[in-house]
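Okay, so here's the structure we're looking at.
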Amino acid sequence: MSVEQACARHRALLLLVLTALLSACVAAPQTQRLQDAPPPNLANNEYLGFVPFFPQQLYQCGPAALATVLNAAAVRVTPDELVSQVYIPARQGSLQVEMLAAARRSERLAHEIPGTLDAVLGEVALERPVLVMQNLGLRLLPQWHYAVVVGYDLDRAEITLRSGTIRDYVLPMAVFERTWARAGHWAVVVLPSGEIPVSVSATDYFMAVAAFEFLHPQLSEAAWRAGMTRWPGSEILAMGMSNWLFRAGQVQESAIILKNLLEERPDYHPAQQNLTLIRQVLSESEVL
Amino acid sequence: MKSNTARSGSAWLLILVFVAGVIVQGPALAAPEGMVTTQQLMQEVQMSSQREAITGFLSREDIQSQLSARGVDVADAQARVAALGSAELATLAAQIDELPAGEGLLETTLFLLVIFMLLDIAGVTDIFPGI
């Protein structure tokens with residue numbers, strides 16, 4: 001993934017030209033699949049009217065899009081307040097990793113979801129706006145842009161974005177797919193601790209919580225507990241929960257999680273190692 | 001006697017405050033040496049996904065044919081990727097991510113450039129002595 005993203009400025013014109021240029025020769029396989037066989041559980045259309053709109057200032061689509069998803073997750077923040085966290089003037093853009101870090105600084109978890117339209121629309125159907133990156137230009141002449149997916153219509157094959165200076169930017173799903181594919185299908189859902197995106201794996205979720213815990217150890221308990229409930233068999237989430245409990249001084253509880261895990265997976269080495277160490281800590285405290 | 005009572009009273013108060021603090025917040029324990037931490041597990045996940053990206057790239061038919069055409073043993077390259085450290089893995093995975101996916105003269109040249117950088121790092125070739 002390329003690192004610097006300058007926002008598209010004359011995007012409307014550019015998009016028009018590129019659409020004409022590209023629709024002739026580039027396929028949109030995911031849109032085609034969605035049209036041929038829509039997922040049975042997915043609503044036909046959805047629009048998240050509650051998601052606020054922050055018109056982009058100059059090149060600052062990063063702060064605007066980030067403020068959009070953060071406010072939708074009940075964080076009161078303006079794009080201006082985020083500029084110092086995510087905007088790099090020399091690049092006229094924002095780094096993806098910094099977008100994720102800024103969401104965490106606002107006490108929200110940033111979940112990278114799978115790069116499929118199914119995943120994106122599935123989150124929107126659950127009233128979760130999805131932060132996306134697009135390349136509105138060409139691979140060799142990129143025009144990077146951040147936007148937020150807030151709606152879709154399967155019958156009309158359209159997607160609705162909060163994008164740039166347009167509140168409801170409705171565009172053909174195939175065009176969205178191509179611009180999104182050229183930015184590596186990057187899609188992010190921003191949620192409070194304890195909520196889980198539908199489309200992520202246990203490992204994806206672990207990564208999001210671990211990064212969050214680094215900044216907000218106290219707030220991450222709910223996230224670990226929710227993960228354990230959703231994926232009771234996940235070794236890595238059990239490890240995260242156990243480590244959290246240990247750090248919080250709940251040593252017995254921490255050991256119990258590992259014991260349960262080892263009953264299912266007796267040869268899981270990290271759990272064996274930690275349980276041995278925790279037992280040492282417990283026996284030392286009994287001596288005292 | 002009176003001052004004794006007062007002293008033991010304030011001692012109790014201190015203990016009470018301490019206990020209450022522990023109950024409300026819990027003491028933050030440092031992980032003992034040798035404990036597998038959450039941050040370590042996070043790095044392991046990162047490394048294995050980068051390794052997958054690189055081996056996936058080397059498994060592509062178009063890449064394999066370009067490599068064999070230049071006399072590079074693909075299995076050998078794969079084996080060396082398996083032995084790379086975290087910094088090298090991150091460098092390579094980032095380079096592969098930046099590759100254009102389409103075809104074309106310029107893109108083929110870029111492919112080759114990256115392949116050879118990759119193999120330099122993996123110790124198969126030695127075209128870029130700086131790496």
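These numbers come from the heavy atoms of this one structure, side chains and all, not from hydrogens, waters or symmetry mates. Keep in mind it's a predicted model, so treat the numbers as computed, not measured.
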Worksheet item: B:Ser49, B:Gly34, B:Ala30: which one forms the most heavy-atom pairs within less than 4.5 Å of chain A?
Response: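 Most heavy-atom pairs within the cutoff with chain A belong to B:Gly34.
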Practice prompt. Could you look at A:Gln280 and say if it's the side chain, the backbone, both or neither that has a heavy atom under 4.5 Å from chain B?
Written response: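 A:Gln280 has no heavy atom closer than 4.5 Å to chain B.
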Worksheet item: chain B heavy atoms under 4.5 Å from A:Val209: which part of the residue, side chain, backbone, both or neither?
Response: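 Neither part.
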Item to complete: Answer with side chain, backbone, both or neither: which region of B:Glu33 has an atom nearer than 4.5 Å to a non-hydrogen atom of chain A?
Response: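 The backbone, not the side chain.
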Can I get a per-line list of side-chain donor-acceptor pairs under 3.5 Å for residues 102-110 of chain A, giving both atom names and the distance, sequence neighbours left out?
from	atom 1	to	atom 2	distance (Å)
A:Ser106	OG	A:Ala102	O	3.4
A:Arg108	NE	A:Ala73	O	2.9
A:Arg108	NH2	A:Ala73	O	3.1

N/O donor to acceptor pairs below 3.5 angstrom from side-chain atoms of residues 261-269 of chain A, sequence neighbours left out:
from	atom 1	to	atom 2	distance (Å)
A:Arg265	NH1	A:Glu235	OE2	2.1
A:His269	NE2	A:Gln273	OE1	3.0

Spatial distance of atom [atom1] ([X]) from atom [atom2] ([Y]) [nearest 0.5 Å]:
X: A:Asn243; Y: B:Gln40; atom1: CG; atom2: CD; answer: 9.0 Å
X: B:Gln46; Y: A:Met207; atom1: CD; atom2: CE; answer: 4.0 Å
X: B:Thr38; Y: A:Met239; atom1: OG1; atom2: CE; answer: 7.5 Å

Taking all non-hydrogen atoms of both residues into account, name the closest pair between [X] and [Y] and its distance.
X: A:Phe246; Y: B:Ala31; value: CE2-CA, 4.1 Å
X: A:Leu277; Y: B:Met35; value: CD1-N, 3.3 Å
X: B:Met42; Y: A:Ala211; value: CE-CB, 3.6 Å

